[in-house]
Protein chains: 2
Amino acid sequence: MTMTVVADALKKRGFRVTAPRIRIFNVLQKASYPMSVQEVKMGTKGVDTVTVYRTLEAFKRVGLVAQVDLQLGRALYELKEGKSDHHHIVCVSCKKIEDFTGCDYQPIAQQALKQSKGFTKIINHSLELFGLCTLCATK
Amino acid sequence: MTMTVVADALKKRGFRVTAPRIRIFNVLQKASYPMSVQEVKMGTKGVDTVTVYRTLEAFKRVGLVAQVDLQLGRALYELKEGKSDHHHIVCVSCKKIEDFTGCDYQPIAQQALKQSKGFTKIINHSLELFGLCTLCATK
DNA sequence: ATTCTACTTGCAAATAAATTGCAAGTAGAA
DNA sequence: TTCTACTTGCAATTTATTTGCAAGTAGAAT
């Protein structure tokens with residue numbers, strides 16, 4: 001994902017392109033795993049925590065970022081790469097996180113909409129697996 | 001799900017069957033949607049908030065309850081009915097929640113395990129859809 | 001039924017997460 | 001360069017969740 005894409009995505013939705021937002025974007029870009037607000041703040045140093053919250057929320061609305069809930073007591077965030085959407089497996093014991101791909105969610109969404117009385121549009125989805133990593137399983 | 005199932009599930013794991021736990025179970029049993037800790041507390045009145053937290057955690061460990069994250073800033077909990085597992089569609093605007101069934105997650109889990117280097121066992125999964133309800137979509 | 005011990009509970013207090021108000025700063029259109 | 005609406009940082013709140021501990025109790029053992 002290029003810087004221009006970010007700037008355009010923001011502007012298109014009426015958001016401004018600012019230094020803190022660019023810095024936060026860069027931190028997310030480097031991450032190999034979804035980050036917490038605190039982690040993002042650490043990575044940017046100088047940007048206030050509140051700004052991180054607000055920026056991640058803005059990125060989320062704009063569709064640049066996905067919120068990930070892994071039952072860790074806090075929300076995590078990661079860039080939505082244009083490519084195939086991936087999801088996570090989390091070890092319920094040591095909290096190790098791994099990615100996996102291959103969620104064909106379109107048919108599920110279609111089926112859900114067909115069943116639904118009150119919804120007509122799906123914007124996004126979350127899918128997470130919880131398990132025991134090989135290490136923790138042997139204990 | 002019967003009371004006996006609850007008692008057995010708890011005992012089997014070394015948990016005791018107590019009045020607060022039974023009351024909390026009953027509240028969850030009546031609910032038609034996943035409940036927050038506060039809502040459960042409201043429904044039981046007399047049971048301390050901390051006890052609700054600890055009990056829900058225990059139920060979760062025992063496999064009686066599922067934690068549901070709908071990006072609402074707090075965790076929700078609902079009984080895992082023995083029957084087909086269901087998931088939720090949430091309106092990102094008004095937070096309306098609806099259920100849907102038909103998540104065939106086994107093949108996904110299998111595929112994830114096949115890809116994985118560090119995991120060999122999946123315990124459970126979460127799948128939530130986020131969209132706009134018909135009402136909010138027209139605004 | 002009584003005893004005993006480990007598991008539970010409630011209360012208070014501490015952490016941590018997320019939100020809100022507001023004055024000062026600034027992106028970007030004019 | 002100007003001007004205005006969007007942003008930011010700071011302080012203060014609110015809300016969620018966790019921890020410590022003494023008193024209470026389920027359930028196994030007697």
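Naming: A, B, ... by sequence-line order, numbering from 1 per chain. Please read these numbers as outputs of a predicted model, since none were measured by experiment.
No side-chain donor-acceptor contact under 3.5 Å links A/Gln111 to the backbone of A/Ile108.
In the interface, the side chain of A/Arg74 is not paired with the base of C/dA18 through any donor and acceptor atom under 3.5 Å apart.
When rounded to the nearest whole Å, the span between NZ of B/Lys45 and C1' of C/dG10 equals 19 Å. Atom CZ in A/Arg54 sits about 13 Å away from atom P in C/dC22, given to the nearest Å. At whole-Å resolution of the value, CZ in A/Arg13 and C1' in D/dA5 are 18 Å apart. Rounded to whole Å, the distance from CD on A/Glu57 to P on D/dC6 is 17 Å. Going from atom NZ of B/Lys41 over to atom P of D/dT18 covers 16 Å, rounded to whole Å. What separates CG of B/Leu72 from P of D/dT17 is a distance of 11 Å, to the nearest Å. Distance CE (A/Met42) to P (C/dA17): 12 Å, rounded to an integer number of Å. Distance, B/Ile22 CD1 to C/dT8 P: 13 Å, rounded to whole Å.
The nucleotide whose nearest atom lies closest to any side-chain atom of B/Arg16 is, among C/dA18, D/dG27, C/dT20, D/dG27. Comparing D/dG27, D/dT17, D/dG20 by their nearest atom to the side chain of B/Tyr53 picks out D/dT17. Checking D/dG9, C/dA18, D/dT18 against the side-chain heavy atoms of B/Val50 singles out D/dT18 as nearest.
When Watson-Crick and G-U wobble pairs are counted only if both distances are under 3.5 Å, C/dA30 pairs with D/dT1. Base pairing analysis places C/dA12 opposite D/dT19; the two distances defining the Watson-Crick or G-U wobble pair are each below 3.5 Å.
Side-chain contact between A/Ile123 and B/Val92 is present, with heavy atoms from C-beta onward closer than 4.5 Å.
Of the two residues contacting DNA chain D, namely B/Phe15 and B/Gln38, the nearest-nucleotide position lying further toward the 5' end is that of B/Gln38. In terms of position on DNA chain D, the residue among B/Thr49 and A/Val52 whose nearest nucleotide sits closer to the 5' end is A/Val52. Nearer to the 5' terminus of DNA chain C, by closest-nucleotide assignment, is the contact made by B/Asp48 (compared with the other of B/Asp48 and B/Gly73).
Annotation: A/His87 is in aromatic contact with A/His125 [ring centroid separation under 6.0 Å].
Between B/Thr51 and C/dT9 there is no side-chain N or O to OP1 or OP2 distance below 4.0 Å. Listed pair B/Thr18 / C/dT9 meets the phosphate criterion, a side-chain N or O lying under 4.0 Å from OP1 or OP2. At least one side-chain nitrogen or oxygen of A/Arg21 sits closer than 4.0 Å to the OP1 or OP2 atom of D/dT8.
Linking Ile, Leu, Val, Met, Phe, Trp and Tyr residues whenever their side-chain heavy atoms come within less than 4.5 Å places A/Met35 and A/Val47 in a single cluster.
The local environment of NZ in B/Lys95 is crowded, with over 12 non-hydrogen atoms from other residues, nucleotides or ligands closer than 6.0 Å.
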